[in-house]
Amino acid sequence: MLGLNRRGKIIRLDLSGGLTLFFHLKMTGQLLFCRRDAPRDKHTHFVVSFENTPKELRFRDVRKFGFILLLKTREAERAAEIRNLGPEPLGLDFPSFLGILQSRRGRVKSLLLNQGFIAGIGNIYADEILFEAGIHPATDVFLLRLKDREKLWKAIPLILARAIKNRGTSIRDFRDGDGLEGGFQDFLCVYGRESLACPRCGAAIKRLRIGGRSSFFCPRCQRRSS
DNA sequence: CAGATCACCTGCTTGC
DNA sequence: TGCAAGCAGGTGATCT
C-alpha cells in the first residue's frame, strides 16, 4: 500500500505494483479497517489484505450501489470518475467560485449536488449549506445576487469543516474506518427535521422534492428569490 | 436543456 | 402480528 486519499466522493487507494483502487460508497457503502479474525457479515463484498498487519480493509455495502474500480496508477488521473469532477470545496477562492457559477442555470440545490460543479457535496450537506447561507433550495442560480453568492461560497467550507470535525453524519449506515459513528447528526439544522422547529427562528421546517431528492429548509430563514 | 421519473438493491419504519 | 407502502446519504439513463 503506497497511499490513501480522496477526490470528491471517490476514495483512492494506491497499491504497490502500479495499481490503484477507486471506491465509491454511494448510499450505504462502508470501508472498514478491522482485524482479519473479526467475523465478516453477509454485506462484505470485497477485502484487501496487507502485509505487516493483522488488519484488513473491507468494503461493505448493504444496497450494493457502490462500486470498486481497479486501474493502473498512471491512468488514474485521467479516469472519467476523477476527470469529470469539479473543484474541491475546501480552499476554493471566491473569484473561482464566481467563475464556475457563471452561466449555470437550474435550482441551486441541484447544482450543489452536481459533482461536476463542486466535488463532494451530498444531500445532507447541501441542505445544511443552503440553510447556513439563508437561500431557498429551489432558487434559480441565475437569480442569485452577488451577496447570496458570497454567502453560499462561505457556507460551503463552513458546513463541511464542521461536519468533518464531528466525524461525519451517522443517521443510519455511515461509519468511519473503525466502525464508529460520527456526531454531526446532532448538529443538523434542517436535514431530516421536517415540521420540527428551525433552530434559528422557530418556524416549522418544510420539505420539498427537488430533483428527486428530499430537500429540507426553513420557510422563514430561506425565502424564495426576493 | 431543465426537470421529472425511473432504475439499481436492501432494510427499516410507519400505518392500517 | 402481518403486510404493504414509503423512505433512505448517489448517480446515470431516458423521456418531455
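None of these values were measured; they are calculated from a predicted model. Chain letters run A, B, ... following the sequence lines, proteins first and then strands; every chain starts at 1.
C:dT11 has no stacking from A:Phe65 on its base ring, since the centres under 5.5 angstrom apart and planes within 30 degrees of parallel are not both found. In this pair, A:Phe174 does not lay its aromatic ring on the base of C:dG9; centres under 5.5 Å and planes under 30 degrees do not both hold.
Here A:Lys42 reaches the OP1 or OP2 of B:dG11: one of its side-chain N or O atoms lies under 4.0 Å away. At the phosphate of B:dT10, OP1 or OP2 sits under 4.0 Å from a side-chain N or O atom of A:Lys64. In this structure, A:Arg213 reaches the C:dG9 phosphate: one of its side-chain N or O atoms is under 4.0 Å from OP1 or OP2. Distances shorter than 4.0 Å separate none of the side-chain N or O atoms of A:Gln115 from OP1 or OP2 on C:dG10. Put simply, A:His24 has a side-chain N or O that comes within less than 4.0 Å of OP1 or OP2 on C:dT11. One finds no side-chain N or O of A:His43 lying less than 4.0 angstrom from the OP1 or OP2 phosphate oxygen of B:dC9. The phosphate of B:dG11 has neither OP1 nor OP2 within less than 4.0 Å of any side-chain N or O from A:Thr28. Between A:Tyr125 and C:dG9 there is no side-chain polar atom (N or O) within less than 4.0 angstrom of OP1 or OP2.
Rounded to a whole Å, the CZ atom of A:Arg209 is 11 Å from the P atom of C:dG6. Whole-Å rounding puts the A:Arg172 CZ to C:dG10 P distance at 12 Å. One atom, CG of A:Leu113, and another, C1' of C:dT11, lie 10 Å apart when rounded to the nearest Å. Spacing between atom CD1 of A:Ile171 and atom C1' of B:dG11 amounts to 16 Å, rounded to whole angstrom units. Across the protein-nucleic acid pair, A:Phe184 atom CZ and C:dG9 atom P stand 15 Å apart, rounded to whole Å. If you measure from atom CZ of A:Arg63 to atom C1' of B:dA7, you get 11 Å, rounded to the nearest angstrom. One can place CG of A:Asn114 at 9 Å from P of C:dG12, the figure rounded to the nearest angstrom. Nucleotide C:dG10 holds its P atom 9 Å from the NZ atom of A:Lys109, rounded to whole Å.
Side-chain contact of A:Thr28 with A:Asp61: a donor-acceptor pair under 3.5 Å is present, judged by distance alone. Checking A:Thr44 against A:Arg58 by side-chain atom types alone, no donor-acceptor pair falls below 3.5 Å.
In this structure, A:Ile171 and A:Tyr191 have side chains that are in contact, with non-hydrogen atoms separated by less than 4.5 Å.
Using atom P as the reference point in both C:dT11 and B:dC1, the two lie 22 Å apart (nearest Å). Using P as the reference atom, B:dC9 and C:dG2 are 28 Å apart when rounded to the nearest Å. For the P atom pair drawn from C:dG6 and B:dT5, the interatomic distance equals 14 Å after rounding to whole Å.
For A:Ser214, counting side-chain heavy atoms from C-beta on, the closest listed nucleotide (B:dT10, B:dG11, C:dA8) is C:dA8. Of all nucleotides listed (C:dG9, B:dG11, B:dG3), B:dG3 comes nearest to the side chain of A:Arg107. In the set C:dT11, C:dG9, C:dC7, C:dT11 carries the atom at the smallest distance from any side-chain atom of A:Lys9.
Between A:Arg200 and A:Glu132, no side-chain nitrogen of the basic residue sits less than 4.0 Å from a carboxylate oxygen of the acidic one, so the salt-bridge criterion is not met. Ion pair A:Arg6/A:Glu88 flagged as a salt bridge, since at least one NZ, NE, NH1 or NH2 atom sits closer than 4.0 Å to an Asp/Glu carboxylate oxygen. Using a 4.0 Å cut-off between charged side-chain N and carboxylate O, A:Arg12 and A:Glu77 make a salt bridge.
Between A:His45 and A:Phe59, the ring-plane angle classifies as tilted under the 30° and 60° cut-offs.
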* **Strand DNA chain C as a dot-bracket string - pairs counted if Watson-Crick or G-U with both distances under 3.5 Å, | where the partner lies in another strand** => .|||||||.|||||||
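A cation-pi arrangement is present between A:Arg105 and A:Phe142, with the terminal nitrogen or guanidinium carbon under 6.0 Å from the aromatic centre and inside a 45° cone about the axis.
Nearest-nucleotide positions on DNA chain B place A:Ser103 closer to the 5' end than the other of A:Gly212 and A:Ser103.
Across all strands, A:Arg207 comes closer than 4.0 Å only to sugar-phosphate atoms, never to a base (heavy-atom distances).
For A:Arg74, the CZ atom is loosely surrounded, since the number of other residues' heavy atoms within 6.0 Å does not exceed 12.
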